[in-house]
Amino acid sequence: MAVERTLSIIKPDATERNITGKVIAKLEEAGLRVVAQKRVRWSREQAEKFYEVHKERPFYGELVDFMTSGPVVVQVLEGEDAIAKNREVMGATNPEEAAAGTIRKELAENIERNSVHGSDSAENAAIEIALNFSDDEIVG
Ligand code: IDP
Ligand code: MG
């Protein structure tokens with residue numbers, strides 16, 4: 001294992017329900033450390049670019065609508081095996097299939113409004129962090 005960084009997003013369904021603290025507590029309890037964080041409202045262009053990999057999928061337009069429907073909290077998480085650990089504490093994409101104790105099982109509303117994003121590989125983590133933070137915003 002190595003110390004890694006990953007991009008985490010608390011999505012608009014969670015900011016709307018005022019439960020960002022609950023999400024962050026779950027991440028911290030899993031041993032992840034927030035080393036950069038900001039609450040922002042994404043433009044359509046930002047959301048489209050971030051989810052470009054899903055452009056051909058049927059839910060792309062609705063996903064962009066959702067991710068621009070309210071503020072998001074973008075954060076860089078750091079820790080041992082952070083990419084996989086974050087995915088584990090998030091749980092499966094569909095909250096109905098997520099394991100007990102995961103963020104999505106306990107807090108998410110449905111497969112779209114599923115409260116959190118997490119990078120799925122080291123390569124995508126580096127891309128997604130660079131899209132959202134400058135080096136001097138990652139403060140440890
Ligand atoms: P992930 O967030 O678990 O990595 P992805 O397959 O990368 O899941 O999908 C990105 C996001 O798109 C999901 O987190 C969810 O918000 C949304 N999404 C995924 N599948 C569906 C679907 O079948 N219907 C509606 N929205 C979906
Ligand atoms: Mg994904």
Side-chain angles (χ1 to χ4, degrees):
M1 288 206 302
V3 173
E4 294 174 338
R5 285 179 174 173
T6 189
L7 188 83
S8 164
I9 304 174
I10 305 177
K11 295 183 178 182
D13 66 281
T15 59
E16 186 187 332
R17 287 178 289 143
N18 206 28
I19 55 170
T20 61
K22 287 187 181 172
V23 173
I24 295 163
K26 285 277 204 191
L27 298 169
E28 291 179 340
E29 281 160 15
L32 294 161
R33 177 172 290 270
V34 177
V35 296
Q37 189 179 60
K38 55 190 174 187
R39 188 175 181 108
V40 294
R41 182 83 186 244
W42 271 358
S43 67
R44 247 195 124 71
E45 292 66 35
Q46 280 174 295
E48 284 171 352
K49 189 164 177 54
F50 187 84
Y51 281 115
E52 208 162 19
V53 293
H54 295 311
K55 206 165 45 192
E56 306 306 326
R57 295 176 76 177
F59 56 81
Y60 177 69
E62 284 178 8
L63 178 59
V64 170
D65 290 345
F66 166 52
M67 292 299 290
T68 55
S69 68
V72 294
V73 176
V74 288
Q75 46 196 10
V76 178
L77 306 178
E78 188 177 85
E80 286 284 332
D81 224 3
I83 297 162
K85 193 176 280 180
N86 181 41
R87 298 285 307 189
E88 193 182 323
V89 69
M90 285 165 58
T93 308
N94 185 347
E96 288 176 15
E97 292 162 14
T102 61
I103 292 169
R104 283 167 166 171
K105 183 67 176 184
E106 293 199 355
L107 302 174
E109 295 187 333
N110 57 48
I111 194 169
E112 178 183 76
R113 298 171 64 85
N114 61 5
S115 304
V116 277
H117 166 86
S119 308
D120 62 7
S121 67
E123 188 191 354
N124 285 336
I127 293 168
E128 291 175 0
I129 289 169
L131 267 176
N132 285 281
F133 290 96
S134 58
D135 284 347
D136 65 1
E137 289 178 311
I138 302 173
V139 292

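Each ligand, and each atom within it, is numbered from 1 in the order the structure gives. Keep in mind the model is a prediction, meaning the values are calculated, not measured.
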Counting only heavy atoms not in [X], do more than 12 fall under 6.0 Å of its [atom1]?
X     : atom1 : value
Lys49 : NZ    : no
Arg33 : CZ    : no
Glu88 : CD    : no

Any side-chain heavy-atom pair of [X] and [Y] under 4.5 Å:
X      : Y     : result
Ile103 : Leu27 : yes
Phe50  : Val72 : no
His117 : Tyr51 : yes

Q: Kindly tell me which protein residues have any non-hydrogen atom under 4.0 angstrom away from an atom of ligand 1, grouped by chain and ordered by number?
A: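 Under the 4.0 Å cut-off, ligand 1 touches Lys11, His54, Arg57, Phe59, Leu63, Arg87, Thr93, Arg104, Ile111, Glu112, Asn114.
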